[in-house]
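Lettering follows sequence order; numbering is per chain, from 1.
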Number of protein chains: 2
Amino acid sequence: MPQEDAQTNTPQAEVYNRIWRAIADRKMRPGTRLKEEKLAEIFSVSRARVRQALAALEHDGLVTIVPHRGAFVSQPSVEEARDIFFARRAIEAQLARRLCATATPEIVAKLERHVAREREAHAEGDTRTAIRLSGGFHLLLGELAGSPYLWDVLRDLVSRTSLIIAMYQVRTGPDCGPDEHAEIVAAITQGHSDRATELMTHHLEHLEGTLDLEQDASQSDDLSDLLS
Amino acid sequence: MPQEDAQTNTPQAEVYNRIWRAIADRKMRPGTRLKEEKLAEIFSVSRARVRQALAALEHDGLVTIVPHRGAFVSQPSVEEARDIFFARRAIEAQLARRLCATATPEIVAKLERHVAREREAHAEGDTRTAIRLSGGFHLLLGELAGSPYLWDVLRDLVSRTSLIIAMYQVRTGPDCGPDEHAEIVAAITQGHSDRATELMTHHLEHLEGTLDLEQDASQSDDLSDLLS
DNA sequence: GTTTTAATAATTGTTGACAATCTTGATATC
DNA sequence: GATATCAAGATTGTCAACAATTATTAAAAC
């Protein structure tokens, strides 16, 4: 499942959100250990709260909990990475198609405004916000498509994609520039649903293609670096 | 998010699975209250375990937790119901399409065997297993499509659909007979991907159409029955 | 010098008791 | 009689101490 996670008020949600953002924004590398007591100290909450947050994050696939060993930032395998991209293509293609049918001027305006901000951050060389906005584009698209359920699935997929990029990006590459997003928005604006879905599919394939997903999955540890 | 939930070993997973099945098999009506202490007594576990299980079930959308009030079997609204069906169409259409491209003889055999079992239960008038097998067909399709992630999303969607049917079915109707499933399998067997996706979409629309989703969403309580 | 074994420390898992909140029922007031 | 107020009971939420498990270190054996 997937459903309303990002609550706001309660202190336990605060812990969840902080860790979630840290992982999604790639401030914590995959494999990082998350000690309960340390987190409890950082956030000034009881260990039970941290425990709940970690359990929820495990449900989201961002954290892996090994019994009696602790919680770690997940290290998605190559197979999982490919699967995530397949799921994104399947879902986002449909969302783009639906948006073509339901797009109002306000919706188009929101999309164009977002792409403009992406362009801005990209031009200024502000990589961190560029990354966040880039993921945000896909989330915005899901939000505007009017399916709360798929929006939540998409939120999950985008955050997992962050982990995948952190693990498998070959270098600090172009990182999903705003041009392809602009094209998609253009297709939606004109109501070309087939073209929009095709562009979205291609865009995600392009993103997947920039990663190094060829390595042997059996050597996901640090050992592989030493033996190369 | 959606990911590996149905663990097997641990006692807390046992509680989760038992409650999950009870809801998915429509043995517990939407709105039923789930008292922690009572569940703890039934399953002979501590209240903390029950608490974990309920939290996970809330994440799956099968249970709604109201702070300081307790846990209840969810009562999906009409909007949520429509959204769930939209999501199912989006995802299952893509899964059917993919299966057309990757279907092996073994896969086809598994699908046909399942449909045969559905026919059997239907002919014998065994409604309960017919319902379970009917949902199982969609899950099997997701499993054979080879996307663990979407399979998990589908599992979530199918269980939510059970709740929706429990709430909105107009009577104990035909309940998704096996004939449409057979047609879909036939299309997959022949590799007609467009036809398979179309059949799947239509099948889900048909299922949604058998429900009474016209009622005013503001009257989801029992009062609406009394005032009609 | 390397491997085994044991003792210690650090970390996670669980439980039961207590606090906070809500529901229910009775009583008082209009 | 209907509504408001308040107390008792029931239920959920939280925490801190304790148990179980694993990691680390040191010593011992080869």
Checklist entry - Does any residue of residues 34-42 of chain B have a heavy atom under 4.0 Å from DNA chain C, and if so, which ones, in number order? => result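 Within this stretch, nothing sits under 4.0 Å of the strand.
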Item to check | Cationic tip of Arg160(A) above Phe85(A) ring, under 6.0 Å, 45° of axis | outcome: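 Verdict for Phe85(A): no cation-pi partner in Arg160(A).
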Suppose we screen for side-chain hydrogen bond (donor to acceptor under 3.5 Å, both in side chains). Which residues come up paired with [X], at least two apart in sequence or across chains?
{"X": "Ser159(B)", "value": "none"}
{"X": "Thr129(A)", "value": "Asp126(A)"}
{"X": "Thr64(B)", "value": "Ser74(B)"}
{"X": "Ser162(A)", "value": "none"}

Checklist entry - End-to-end bend of the helix from dG1(C)-dC30(D) to dC30(C)-dG1(D) (five-pair axes, 10° rounding)? => result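 Roughly 10°, once rounded to the nearest ten degrees.
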Checklist entry - Does His138(A) have its ring centroid less than 6.0 Å away from the ring centroid of His114(A)? => result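 So the answer is no for these two rings.
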Item to check | By side chain to side chain contact (heavy atoms under 4.5 Å, CB included) - contacts of Arg82(A) (at least two apart) | outcome: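 Scan of Arg82(A) (side chain to side chain contact (heavy atoms under 4.5 Å, CB included), adjacent residues dropped) gives Val78(A), Glu208(A), Leu213(A), Glu214(A).
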Next on the checklist: Restricting to side chain to side chain contact (heavy atoms under 4.5 Å, CB included), what partner residues turn up for Ala166(A), sequence neighbours left out?
Outcome noted: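 Partners of Ala166(A) under the side chain to side chain contact (heavy atoms under 4.5 Å, CB included) test: Arg26(A), Arg29(A), Pro30(A).
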Checklist entry - Between the side chain of Asp83(A) and the main-chain N/O of Tyr149(B), is any donor-acceptor distance below 3.5 Å? => result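 Present.
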Pull out every protein N or O sitting under 3.5 Å from an N or O of nucleotides 21-25 of chain D, one pair per line with the distance.
unit_1	atom_1	unit_2	atom_2	d
dA23(D)	OP1	Arg69(A)	NE	2.7
dA23(D)	OP1	Arg69(A)	NH1	3.4

What is the distance, to the nearest angstrom, from the [atom1] atom on [X] to the [atom2] atom on [N]?
{"X": "Leu54(B)", "N": "dG13(D)", "atom1": "CG", "atom2": "P", "result": "10 Å"}
{"X": "Arg49(A)", "N": "dG13(D)", "atom1": "CZ", "atom2": "P", "result": "11 Å"}
{"X": "Phe72(A)", "N": "dT11(C)", "atom1": "CZ", "atom2": "P", "result": "12 Å"}
{"X": "Arg51(A)", "N": "dG13(C)", "atom1": "CZ", "atom2": "P", "result": "4 Å"}

Checklist entry - Any salt bridge (charged side-chain N to carboxylate O under 4.0 Å, His left out) pairs touching residues 63-75 of chain B, not counting sequence neighbours? => result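 Found none.
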Checklist entry - Are there more than 12 heavy atoms of other residues, nucleotides or ligands under 6.0 Å from atom CD of Glu41(A)? => result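 Open: at most 12 neighbouring heavy atoms sit under 6.0 Å from CD of Glu41(A).
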Item to check | By ring-ring contact (aromatic ring centres under 6.0 Å, His included) - contacts of Phe43(A) (at least two apart) | outcome: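 Phe43(A) satisfies ring-ring contact (aromatic ring centres under 6.0 Å, His included) with no residue once adjacent residues are dropped.
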Protein N or O to nucleotides 16-18 of chain D N or O, pairs below 3.5 Å:
none

Checklist entry - Angle class for the His181(A)/His203(A) ring planes (parallel below 30°, perpendicular above 60°, tilted otherwise)? => result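 Taking His203(A) first and then His181(A), their aromatic rings stand perpendicular (interplane angle over 60°).
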